[in-house]
Structures are given as structure tokens and as C-alpha cells.
*Asks:* 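Submitted below is the structure of interest, expressed as C-alpha cells.
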Amino acid sequence: MQILVNGEPVATDARTLAELCATLGFAQAKVATAVNGSFVASAKREVTPLAPKDEVEIVAPRQGG
Amino acid sequence: MLDIYGELFKSRLLLGTAQYPSPATLRQAVEASSAEIVTVSLRRESARMRAGQGFWELIEDLGVRVLPNTAGCRTAKEAVATAEMARELFGTPWIKLEVIANDDTLQPELFGLVEAATALVAEGFKVLPYTTEDLSAAEKLAAAGCTVLMPWAAPIGSARGLINRDGLKTLRAYFPETTLIVDAGIGAPSQAAEAMELGYDAVLLNTAVAKSGDPVRMAQAFSRAIEAGRLGFEAGLIEPRDMASPSTPVAGTPFFKIDRVS
């Protein structure tokens, strides 16, 4: 299925957000996630199913003012 | 001591971590500033670049407290979701809440700000709202449970200093118990000192240090200016007056003649 990850179209077979993060190499990374504009806690990624056209955000610490 | 939601800090300078010429300069500038709190952000992580992971190692190594922001958020909903991600990512309930009205001024969108602050306080966040000197917005933020307010001096990155000095002075007078931090628009150490002389509790800045010719020296300059301004405020400034008033005693002036007194 086709979803958006950080604004970019991605084709994936991942059924859950946790699977998607693992596929993208973020399993051990310091990241936070949101699906369709709502925060998803790391503990909830495994029970968060993905559907076509979902908009996923994966963010990490960055410089800020 | 600077009081942020009951936690006390010796330094009254909060320093941003963006725009430094190199990670090494950032590290040295933070150390030179004596800042105990630095602001950070969160951004989309690329699986290939993984820029955030290295940055986080640097920040952890500095051993300072982090204050994550919601920079770039345009709506309360975006700001709330960003704050929730930041809380998990950085392991802190502190959030520098920014809801931005437009690109030219980067001015706080006060209606969305109050809405987001209310929602986040209910979720247990310690909210540090980036606001203006507007009293009605400040009242609403305080009523929402914010015990720290961060009014701008001038638009972010503009280096214009305290463009509404009277407004900031009034805000200080209206909120004597609230921790007030001037955030954004500071360009020179003298401007930071001015904010401190008005009785502000702290100053938050980034660009003025990071984009200066020598960020490490400038960090030190701000640190001293803020300390000097605070000392000046605590000592109690004299009131300005229209006419001169001699500081040297008049009595006993040599060659004094009474007919020369106007």
C-alpha cells in the first residue's frame, strides 16, 4: 500500500507503525511518531495499524531556538 | 534564582542550539554562556541521514536541561501533537509553546496559543508560552496554568531589541509573581541587560550568539550582560529626571559667588 512518511510517498507492506519504523531502520533510533496528525507513543506503535494514504511523521531531536 | 515551575537555576540565560557554524562551536558557546537550559526542536528524521541521533548525543554530553520547542506550528492541534512527541523524545514535561501567526513576523498566534496551552496544561505539561506583551493574552495564559510567560522583544531573529519597552514594563508590573522571560528579537548584550534591568527573570536568545562573528565570545558577553542587568535591577535603579543634578557637593566650591547662581 501507499502511505506518506514525512511527506514523501512510500510503498510498504508494514501492517503496524512499529513494523514501518523497523523497516525504515528506526527500531532502535531516538524518534517520536504521529499518524494523521495525532501523536502515537512508542509503546503504542505495535498496536497502531496502518491503512492506505495514512500520513506518518517520524521525528528526531534537532537544533532549535 | 530563576524559578521555572518550582525548579531553581543560577543562570538567567537560556540559549538556543540552532545556526552555529559547527557542533564544536555550539558546545563551546553553551559552555561559555554558563546557560543551564538550552532550547531544542524536533524535525522529520531521514532514514538515510539520521541527523537527529548525532545531535542528541552532543546535547546529552553537555549535561544541560533541554527545553523543546514547537517551532513552526501554525495551529493549536499541530502544537499539541508536536509537544506530545517532544515530551516522549526528550523526556521532559517542559515545552516552549510556539504557535506562529505568519512568516514575516513569526509573531505568536495568541488565540491558538491559549487553546494549545490550555490543552497541554490539562495533559500535565509545564508550558512556557512564546507570547507577546499583550496583557489579555497573558491573563488567559496565566489562567490556563502557565506560571512562566515568554514575551517577545522583537520578531525572532530580527536583532531589534525591546521594540515595545513600555509594554514589557507594564507586563512586568501586572505579573509580579510570574516568571517572565524575554524571548526572541535580542541582538546585543546591552538589549539583554535592558530587559533584565526592567525586572525580567531571564532572557532566551539564539541568533544573536550563533550568527555573531565569534559565538563563544558573544555567549560570554551575553552571560555577563544578563548578570549585570539583574544586579542593576536588584540594586534598584535611580529614576531619570529632566534637569541636571550635580553629583559633586556644591557647598565649598572654590571661587563660588552667589550672583552666578541662575
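Chain identifiers are assigned alphabetically (A, B, ...) following the order of the sequence lines, protein sequences preceding nucleic acid strands; residue numbering begins at 1 within each chain.
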*Asks:* Under 4.5 Å from any heavy atom of chain A, what part of B:Glu78 do you find: side chain, backbone, both or neither?
*Replies:* neither

*Asks:* In terms of side-chain geometry, is the basic nitrogen of A:Glu55 or B:Arg44 positioned less than 4.0 Å from the acidic oxygen of its partner?
*Replies:* no

*Asks:* Which bit of A:Ser42 is near chain B, if near means a heavy-atom gap under 4.5 Å: side chain, backbone, both or neither?
*Replies:* both

*Asks:* Going from OH on B:Tyr20 to CD on A:Gln63, what distance comes out if it is rounded to the nearest 0.5 angstrom?
*Replies:*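 Separation between the atoms: 10.5 Å.
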
*Asks:* Side chain, backbone, both or neither: which part of B:Arg50 has a heavy atom under 4.5 Å from chain A?
*Replies:*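 The answer is the side chain of B:Arg50.
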
*Asks:* Answer yes or no: is there a side-chain heavy-atom contact under 4.5 Å between A:Pro61 and B:Ile59?
*Replies:* no

*Asks:* Does B:Thr17 use its side chain to pair, donor to acceptor, with the backbone of A:Gly64 at less than 3.5 Å?
*Replies:*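 Flag set: sc B:Thr17 to bb A:Gly64 pair under 3.5 Å.
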
*Asks:* Sort B:Thr207 into side chain, backbone, both or neither according to what part of it lies under 4.5 angstrom from a heavy atom of chain A.
*Replies:*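 For B:Thr207, there is no contact with chain A at all, as no heavy atom is under 4.5 Å.
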
*Asks:* Going by ring pair (Phe, Tyr, Trp, His ring centres under 6.0 Å), name the residues that satisfy it together with B:Trp152, two or more places apart in sequence or in a different chain.
*Replies:* none

*Asks:* Do the charged groups of A:Lys30 and B:Glu45 touch, with an N to O distance under 4.0 Å?
*Replies:* no

*Asks:* Do any N or O atoms from the side chain of A:Asn6 and from the backbone of B:Ser46 form a donor-acceptor pair under 3.5 angstrom?
*Replies:* no

*Asks:* At a heavy-atom separation under 4.5 Å, does B:Glu84 approach chain A through its side chain, its backbone, both, or neither?
*Replies:* both

